[in-house]
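Report on the structure given below.
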Amino acid sequence: MSRAADVPTEARVRRFMEQYMAECTDNGTRPSVLTLATKLGLSNTTFRRHFPDLAKEISTIRSNPEPAAGAEKHPSPYEILAARNAKLRRTNRSLTENLRFAAAQIQHLAVDNARLREALEDSTKVTRIDRTGRPGH
C-alpha cells in the first residue's frame, strides 16, 4: 500500500493529465486512467481512490471521444455493408416496379394487337383457319 507522501498533489496530477490528454489527441488514441496512473507511478486503484473526479473525467472522455477537427470519420465495415445493402434494396425495388410496368405494357400491347388483327381481318374479309375451338368465327 502506498504511503500518503507518495501520492502527488492534485495540481501536479492535473498538469500530467493535461499533458497526457494532449498526447492522446495528437496520437489519435483514447486516454486511459491506467496509463495516466502508471505515468504518475501509482496503481490504478490508488489513483482512483485519491482522484475520483479525474478518473471519472478520463473515463467519460474515453467513452465519448470527440472527433478531431481535421480528421475524417471513416465508416466501419458494418456501415459500408449496411449502406450497400440499402442501395441494393432500393435498386431491387426500382427494378421490380419497372418489371411490373413492362409486363402491364406488354399485356396492353397484346390486347391492342389482337383487336387490330381482328379489325384488319374483318375489313379484308379474311377467314382464319387456325381458329379451332371457337364457334361462330
Side-chain angles (χ1 to χ4, degrees):
M1 186 153 114
S2 300
R3 296 183 320 216
D6 295 341
V7 177
T9 63
E10 186 170 343
R12 182 167 184 255
V13 172
R14 281 216 179 265
R15 281 195 308 270
F16 256 87
M17 185 174 132
E18 289 172 6
Q19 183 181 12
Y20 173 62
M21 298 299 268
E23 288 174 15
C24 288
T25 303
D26 293 342
N27 297 337
T29 58
R30 296 187 333 183
S32 161
V33 175
L34 178 61
T35 305
L36 181 60
T38 304
K39 285 182 180 249
L40 290 166
L42 301 172
S43 69
N44 189 23
T45 308
T46 303
F47 182 86
R48 287 181 183 276
R49 186 181 316 122
H50 289 281
F51 308 104
D53 295 336
L54 297 178
K56 187 174 183 179
E57 187 178 330
I58 292 171
S59 296
T60 302
I61 292 170
R62 180 176 178 82
S63 62
N64 299 322
E66 295 179 13
E72 294 181 22
K73 184 182 181 284
H74 296 288
S76 70
Y78 174 78
E79 291 170 331
I80 292 170
L81 187 62
R84 285 182 185 165
N85 192 17
K87 184 178 179 181
L88 286 172
R89 286 180 192 269
R90 286 190 304 271
T91 303
N92 190 14
R93 192 176 309 118
S94 174
L95 290 174
T96 301
E97 289 172 5
N98 288 342
L99 183 62
R100 286 186 188 135
F101 179 71
Q105 288 294 329
I106 290 170
Q107 289 172 346
H108 179 71
L109 289 172
V111 169
D112 281 351
N113 186 30
R115 278 194 224 136
L116 289 171
R117 198 175 282 266
E118 282 182 21
L120 178 65
E121 290 172 357
D122 287 344
S123 69
T124 58
K125 309 274 190 237
V126 173
T127 304
R128 293 190 57 133
I129 299 174
D130 64 340
R131 290 193 181 190
T132 58
R134 290 182 64 188
H137 287 281

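The model shown is predicted, which means the values in this text are computed figures rather than measured ones.
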L54 reachable from L34 in the ILVMFWY side-chain graph, under 4.5 Å edges: no
Enter the distance from S59:OG to R62:CZ here, rounded to the nearest 0.5 Å. 8.5 Å
Can you pull out every salt bridge (Lys or Arg N to Asp or Glu O under 4.0 Å) where at least one residue sits in residues 82-94? Sequence neighbours excluded, please. none
Point-to-point distance, once rounded to the nearest 0.5 Å, from CE of M21 to CD1 of I61: 3.0 Å
For the residue pair P31 and C24, what are the closest heavy atoms and their distance? CA-SG, 3.7 Å
Rounded to the nearest 0.5 Å, what's the gap from OG on S43 to CZ on R49? Could you check? 7.0 Å
Answer with yes or no after comparing the ring centroid distance for F16 and Y20 against a 6.0 Å cut-off, counting only values under it. no
Using distance only, find each side-chain donor-acceptor pair of residues 107-114 under 3.5 Å and give its atom names and separation, not counting sequence neighbours.
unit_1, atom_1, unit_2, atom_2, d
H108, NE2, D112, OD2, 3.2

Is it the case that S94 and T91 place a side-chain donor and acceptor less than 3.5 Å from each other? no
Between F47 and T38, is the side-chain contact (heavy atoms from CB on, under 4.5 Å) condition met? List the steps. CA-CA 9 Å; F47 182 86; T38 304; over 6 Å; no
Heavy-atom pair of closest approach, residues V33 and A55: CG2-O, 3.6 Å
Taking atom NE2 of H50 and atom OG1 of T46, what is their separation to the nearest 0.5 Å? 6.0 Å
Main chain of L120, side chain of T124: is a donor-acceptor contact present, judged purely on distance under 3.5 Å? yes
Atom of S32, atom of I58 and distance for their closest heavy-atom approach: C-CG2, 3.9 Å
Rounded to the nearest 0.5 Å, what separates atom CG in D122 from atom CZ in R117? 13.0 Å
Side-chain heavy-atom pair L88, N92 within 4.5 angstrom cut-off: no
Mind jotting down which residue pairs meet the salt bridge (Lys or Arg N to Asp or Glu O under 4.0 Å) criterion with at least one end in residues 12-24? Sequence neighbours excluded, please. E10-R14, R14-E57, E23-K39
Out of curiosity, L40 CG to F51 CZ, how far, rounded to the nearest 0.5 Å? 7.5 Å
